[in-house]
**Q** 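Here it is, the structure in full.
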Amino acid sequence: MDNKFLIIDGSSLFFRAFYALPLLKTKRGLYTNAIYGFVMMVENAIEKVKPTHLAVCFDMKGKTFRSEIYKDYKGTRQKTPNELEQQWPLVREILDHMNVKILESPVYEADDIAGTLSKLGTEEGFENYLLTGDKDYFQLVNEKTKVLFTRKGITDMDIMTVEKIKEDYGIEPLEFIELKALMGDSSDNIPGIYGIGEKTGLKLIHEFHTIENLYDNIDDVSGKKLKEKLIDGKMSAFMSKKLGTIVKDVPLEESLDDFKKVDYDYEKLSELYREFEFNSMLDRLPEKYRKEEVEEISQDNFEFVEIKDLKEIEKDLKDKKSLAFKFITDGKIYEDVKPIYLAVKVKDSEVKFISYEDIDFDFLKKIMEDEKVEKLGYSLKEDIIILMDLGIDIKNYSHDVEIAEYLLNSTQSDYDINKISMAYFKNGYLDLEDLLGKGAKKKTYTDLDKDDLFKYFAFVLNTIYRLEDLQKEKIDEEEMTSLYQDMELPLVEVLASMEYVGINTDEAVLDEIDKQIIEKLKTLEEEIYEEAGEEFNINSPKQLGVILFDKMDFPVIKKTKTGYSTSADVLEKLRGKGEIIDKILDYRKFSKLKSTYIDGLKAVINKKTKRIHSRFMQTVTATGRISSTDPNLQNIPIKTEEGRLIRKAFLASEGGVLVDADYSQIELRVLAALSDDKEMLDAFKHGLDIHRKTASEVFHVDYDDVDDRQRYEAKAVNFGIVYGISDYGLSQNLNIPRKAAKEYIDNYLGHFVGIKNYMAEEIKNGKDKGYVETIFKRRRYIPELNAKNFNIRSFGERIALNTPIQGSAADIIKIAMVKVYNELKKRNLKSKLIIQIHDELVVDTAEDEIEEVKELMKDLMENSVDLNVKLSVDMNTGANLYESK
DNA sequence: ATTGTCACG
DNA sequence: ACGTACGTGACAATG
């Protein structure tokens, strides 16, 4: 058999792979796109060439002999991004396990080594293949040497032979050196001759073949301008030729025999591919090294039937007491938009579709409320809301693909079922975005062909079943089964109810406040223009910055990456230096109130019910908290009186009151429980004011002698502890010197030793395991903890400290929510849980149930969990949110 | 689509 | 020596 030598230009492939692919990231936060693309290209080339010999060449960092010739060589190269840098050692690790020889030199570049190898190969009569994305290699092509030139993407490859080069460029391979001498190379910062590009260059080389010959016959060049350019650039051309010529006699220790291809270390490769989540790579390995979970999805994934009578599923349900379902709808039922279809799949049966109008709702109610039939779904909250509207009380729903995936990795940006599917399976996907498009032209389900629509939802329902066991297994392995079944799944129904019920909102109250705000804004606007001496857009930070810092010469306190910072803390520091500052702060405040809380809220009041149905989201935050959108009801103003007035628009339902219950210091209590700090536990046990207690320790004064300022500062220290403290952060917050902040912290940790130890332990633990967890085993992976970059690592450490605290508090209130909701339901009370604000619950309470509700809320919230610290709940009632808080 | 700002816990 | 508090969502301006 003939010897075939595959020589790989590692550096160029690595860069090409990185820029050709989106930034892929593993669950642990490892970037893998360059590695993936690299391995893919190498494997493709190996498959194509079937080499007997193999080598990879890399550039090393630092200067090479070319820098001696021209100091600016590669001077235009930008710093490699961090995401790329990280992948570098991992590629080498893979190559090691592929048993490929890696060559690099402090003096020569990858192409010089490759040139030398191809020369060696040529001399021995090998067939040589150079795999690269760099055109420079064309000069190495000869009868025995071809270039595998990667094109756009990572799968396309051109095979460059002598003939192909002649055909494409009309010149000989070696003449590429001459061409580059003339046109230069911007990526390597080789100058060439100014004003000569590929076109002119090719024409000249075609005619004169070498630059020596060109300059010997310079008078034969047509065109005066061009001749001038050539004469002016002669030096540069010859230097560029030197720079652009690939060296072919780099001294090497290895002989060709050393590059003989050897078998891979499959065991190790399989391990790495798993870590990198390279499922398709695993498939290329011999059978016994493949990943078991990778499962082929076939076309039946998309099969379905349409039915006219829902009862057709009844016989299937006889054997399998399990079904997945999804309503297909373009809107919200509480906005009077009815679903178009219902998709159902009884386990192991075909997916069935039925028009919404054709549904026998009594039958639907029967199966949905049948405790013996388990239900599965994806984004079940949406479907439960629809069922609620139909008066159906779903029972025994046991899996929600979205919620499950969120528990497995809470830091993803979305939980699109197609993306989840791609992470578990190999093929057979349908992307909703491909179907509906995005942006302004986004279609609705109604716009789609019925066939496309059904195909997609058939995929969804089939995927729910395919994922069920895999996700549940993982959840079990990570000890989150109880968290999933006893907390998150029951909560889905609670959140569905909160969204469905909504909160009674009085638009007239908002209109009244609006009138006053409009007046205030008008006056402020005029006064600001007056002092600025011109009119401008006060809402534009850019324009405001110009007025304040260029025109009016206020001192610049802080800059953002685009210009001057005009944020409130900056303006705060400028207070007293001019009346305009206070006016801008006021203007900002009222402008915010108007846009977000007057206009914004008015726009989302349901016309028919006069209620606002905020969507409470369960899979958004990295810590386990719930979030609220459209509108966000978790950030209604309270800190300033003007803003707080907005709360008067949120009313109890007719004749009732709002009962508001909030946990007192829940995060600090959680911290006391987690750290088991004796002092802190003691303080809570004795019902002390925790900020006052902190102040007495930080400032070394008696508990009773703490003054207001000290308490205020101690409060900031406590916040800092919860956030993962830094002296700088505290100093900024309190506007005190960093040294003073450091002293506060040292005093604090010197006294609360349990907390100090806990913090160190938590960080170590996070670094070792790659994640931290809450009291109830909710997990958050923190790849930042092992970053080389100080800032990123510090950020990771603060996350490691904050997440267990914030997350455990979130766990606690979630448990309380489920208990309160279920108790209200069990007792058949009219009162409904309608809002959660992280440490606070609001129940829209019927008048005759007030005492009962207050009692049960306090009891269930304070005793929702069993901790070594007491939980304390404060209660308030009122006709509206202003009064109940 | 991104940035700056600001509302909340 | 590094430059920072943790977690969200909405809006207006601007690229």
Side-chain angles (χ1 to χ4, degrees), chain A residues 410-411 438-439 536-545 558-571 584-585 587-601 603-604 614-617 620-640 642-644 646-647 662-663 665-667 671 716-734 738 741 745 772 780 782 787-807 809-810 813 835-840 881 885:
Chain A
S410 63
T411 51
K438 55 176 177 178
F536 64 101
N537 188 343
I538 309 170
N539 280 321
S540 160
K542 199 176 159 192
Q543 294 180 37
L544 180 63
K558 200 164 71 176
K559 287 199 160 192
T560 66
K561 60 180 133 182
T562 52
Y564 306 116
S565 171
T566 66
S567 61
D569 61 314
V570 167
L571 297 183
I584 289 165
L585 282 165
Y587 182 90
R588 282 251 180 91
K589 183 167 75 186
F590 289 118
S591 168
K592 175 85 177 176
L593 285 177
K594 177 157 172 60
S595 65
T596 304
Y597 299 104
I598 303 287
D599 301 344
L601 288 174
V604 290
S614 171
R615 300 167 54 213
F616 290 92
M617 311 294 277
V620 172
T621 72
T623 55
R625 275 190 178 179
I626 284 163
S627 84
S628 156
T629 59
D630 308 314
N632 182 353
L633 287 187
Q634 290 178 324
N635 70 348
I636 303 301
I638 190 162
K639 288 173 180 166
T640 68
E642 296 99 319
R644 193 173 182 151
I646 299 283
R647 294 183 166 239
D662 72 287
Y663 282 108
Q665 305 298 350
I666 190 166
E667 292 196 338
L671 174 59
V717 171
N718 280 330
F719 272 111
I721 294 290
V722 168
Y723 293 157
I725 199 146
S726 78
D727 51 8
Y728 181 86
L730 182 64
S731 76
Q732 285 296 299
N733 189 279
L734 287 177
R738 192 169 166 160
I745 296 168
V772 294
R780 175 175 181 181
I782 312 177
K788 281 207 204 80
N789 179 297
F790 174 87
N791 290 323
I792 298 175
R793 197 171 60 247
S794 305
F795 179 52
E797 291 173 357
R798 295 195 295 272
I799 294 173
L801 294 176
N802 173 260
T803 297
I805 301 172
Q806 192 184 115
I813 197 163
I835 305 179
Q836 186 253 41
I837 318 172
H838 311 308
D839 61 356
E840 172 186 354
L881 265 194
K885 197 55 198 37

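Every chain is numbered from 1, with letters handed out A, B, ... down the list of sequences.
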**Q** What distance separates A:N539 CG from A:I584 CD1, expressed to the nearest 0.5 Å?
**A**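 Reported value, rounded in 0.5 Å steps: 11.0 Å.
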
**Q** Just by distance, do the side chain of A:R644 and the backbone of A:K639 share a donor-acceptor pair under 3.5 Å?
**A**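 A pair under 3.5 Å: no.
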
**Q** Select base, sugar-phosphate, or nothing to describe what A:A809 touches, counting heavy atoms under 4.0 Å on all strands.
**A**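 The residue A:A809 makes no contact with any strand.
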
**Q** Can you tell me if A:F719 has over 12 outside heavy atoms packed within less than 6.0 Å of its CZ?
**A**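 Counting neighbours around CZ of A:F719, 12 or fewer heavy atoms of other residues, nucleotides or ligands fall under 6.0 Å, so no.
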
**Q** What is the 5' to 3' range of DNA chain C, first to last nucleotide, that sits under 4.0 Å from any heavy atom of chain A?
**A** C:dC2 to C:dG15

**Q** Using the P atom in both, what is the distance from B:dG4 to C:dA5, to the nearest Å?
**A** 13 Å

**Q** Which part of the nucleic acid does A:I799 contact within heavy-atom distance under 4.0 Å: base, sugar-phosphate only, or nothing?
**A**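 Sugar-phosphate contact only.
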
**Q** Counting the atoms with a prime plus P, OP1 and OP2 as sugar-phosphate, which does A:T803 contact under 4.0 Å by heavy atoms, base, sugar-phosphate, or nothing?
**A** nothing

**Q** Given side chains that start at C-beta, do those of A:Q806 and A:I666 come closer than 4.5 Å, heavy atoms only?
**A** no

**Q** What is the distance from atom OH of A:Y723 to atom CG of A:N733, rounded to the nearest 0.5 Å?
**A**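 Taking OH in A:Y723 and CG in A:N733, the distance rounds to 8.5 Å.
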
**Q** Just to be sure I understand the rule, does A:L801 reach a base, reach only the sugar-phosphate, or reach nothing, if contact means heavy atoms closer than 4.0 Å?
**A**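 Nothing, no nucleic acid heavy atom in range.
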
**Q** Checking side-chain polar atoms at under 3.5 Å, does A:R798 have a donor or acceptor matched by the opposite partner on A:S726?
**A** no

**Q** Whole angstroms only, please: what is the CG-P distance between A:N635 and B:dT5?
**A** 18 Å

**Q** In dot-bracket, 5' to 3', how would DNA chain C read with Watson-Crick or G-U wobble pairs under 3.5 Å, [ ] for crossing ones and | for pairs to another strand?
**A** .....|||||||||.

**Q** Tell me the interatomic distance from A:N537, atom CG, to B:dG4, atom P, rounded to whole angstroms.
**A** 17 Å

**Q** Look only at the side chain of A:Q836 and the backbone of A:I626, and say whether a donor-acceptor pair between them is shorter than 3.5 Å.
**A** no

**Q** Please work out if A:A716 contacts a base, only the sugar-phosphate, or nothing of the nucleic acid, heavy-atom cut-off 4.0 Å.
**A** base

**Q** Please give me the minimum heavy-atom distance between A:I792 and A:N789, naming the atom from each residue.
**A**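 Heavy atoms of A:I792 and A:N789 come nearest at N-OD1, 3.1 Å.
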
**Q** Do the side-chain N or O atoms of A:R588 get closer than 4.0 angstrom to the phosphate oxygens (OP1, OP2) of B:dC6?
**A** yes

**Q** A:T566 side chain N/O closer than 4.0 Å to the phosphate oxygens (OP1, OP2) of B:dT5?
**A**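 Answer yes for this pair, as a side-chain N or O of A:T566 is under 4.0 Å from OP1 or OP2.
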
**Q** Would you mind reading off the distance between A:R625 atom CZ and B:dC8 atom P, rounded to a whole angstrom?
**A** 14 Å

**Q** In whole angstrom, give the distance that lies between atom NZ of A:K559 and atom P of B:dG4.
**A**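 Atom-to-atom, A:K559 to B:dG4, this comes out as 13 Å.
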
**Q** Between A:S410 and A:A622 (side chain of the first, backbone of the second, donor and acceptor by atom type, cut-off under 3.5 Å), is there such a pair?
**A** yes

**Q** Can you check the A:L601 CG to B:dA7 C1' distance for me, whole Å?
**A** 11 Å

**Q** Going from CD1 on A:I721 to CG on A:L730, what distance comes out if it is rounded to the nearest 0.5 angstrom?
**A** 9.0 Å

**Q** Sticking with atom P, work out how far C:dT4 lies from B:dT5, rounded to a whole angstrom.
**A**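 C:dT4 and B:dT5 have their P atoms separated by 14 Å.
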
**Q** Heavy atoms only, 4.0 Å cut-off, all strands: where does A:D839 land among base, sugar-phosphate and nothing?
**A**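 Contact class for A:D839: sugar-phosphate only.
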
**Q** With a 4.0 Å cut-off on heavy atoms, is A:G600 in touch with a base, just the backbone sugar-phosphate, or nothing at all?
**A**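 Answer is sugar-phosphate: A:G600 comes under 4.0 Å of backbone atoms only.
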
**Q** Contact class for A:A622 (heavy atom, under 4.0 Å): base, sugar-phosphate, or nothing?
**A**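 Here A:A622 touches the backbone only, sparing every base.
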
**Q** At 4.0 Å (heavy atoms only), tell me whether A:S565 reaches a base, stays on the sugar-phosphate, or touches nothing.
**A**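 The answer is sugar-phosphate, as A:S565 gets under 4.0 Å only of primed atoms, P, OP1 or OP2.
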
**Q** What integer distance in Å separates A:K594:NZ from B:dA7:C1'?
**A**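 Answer to the nearest Å: 17 Å.
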
**Q** How far does the C1' atom of B:dC6 sit from the matching atom of C:dG3, given to the nearest Å?
**A**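 It works out to 23 Å between them.
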
**Q** Counting the atoms with a prime plus P, OP1 and OP2 as sugar-phosphate, which does A:L593 contact under 4.0 Å by heavy atoms, base, sugar-phosphate, or nothing?
**A** nothing

**Q** Grab the CG-P distance between A:N802 and B:dG9 for me, whole Å please.
**A** 16 Å

**Q** So A:R780, base contact, sugar-phosphate only, or nothing? Heavy-atom distance under 4.0 Å.
**A** sugar-phosphate

**Q** Using atom types as modelled and distance alone, determine if a side-chain donor or acceptor of A:R625 lies under 3.5 Å from a backbone N or O of A:G807.
**A** no

**Q** Whether the side chain of A:T629 engages the backbone of A:N632 through a donor-acceptor N/O pair (distance < 3.5 Å, no angle test) should be reported.
**A** no

**Q** Please state whether the phosphate of B:dT3, meaning OP1 or OP2, lies under 4.0 angstrom from any side-chain nitrogen or oxygen of A:T562.
**A**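 No, because none of the side-chain N or O atoms of A:T562 sits under 4.0 Å from OP1 or OP2 of B:dT3.
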
**Q** For a quick check of understanding: with a heavy-atom distance under 4.0 Å over all strands, which category does A:D630 fall into, base, sugar-phosphate or nothing?
**A** sugar-phosphate

**Q** Does A:D599 reach a base, just sugar-phosphate, or nothing at all? Heavy atoms under 4.0 Å.
**A**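 Nothing: the residue A:D599, judged by heavy atoms under 4.0 Å, touches no strand.
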
**Q** Using a cut-off of 4.0 Å on non-hydrogen atoms, how would the nucleic acid contact of A:I837 be classed: base, sugar-phosphate, or nothing?
**A**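 A:I837: backbone/sugar contact only, no base atoms under 4.0 Å.
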
**Q** Send over the distance from A:Y587 OH to B:dT5 P, rounded to a whole Å.
**A**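 The answer, rounded to whole Å, is 16 Å.
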
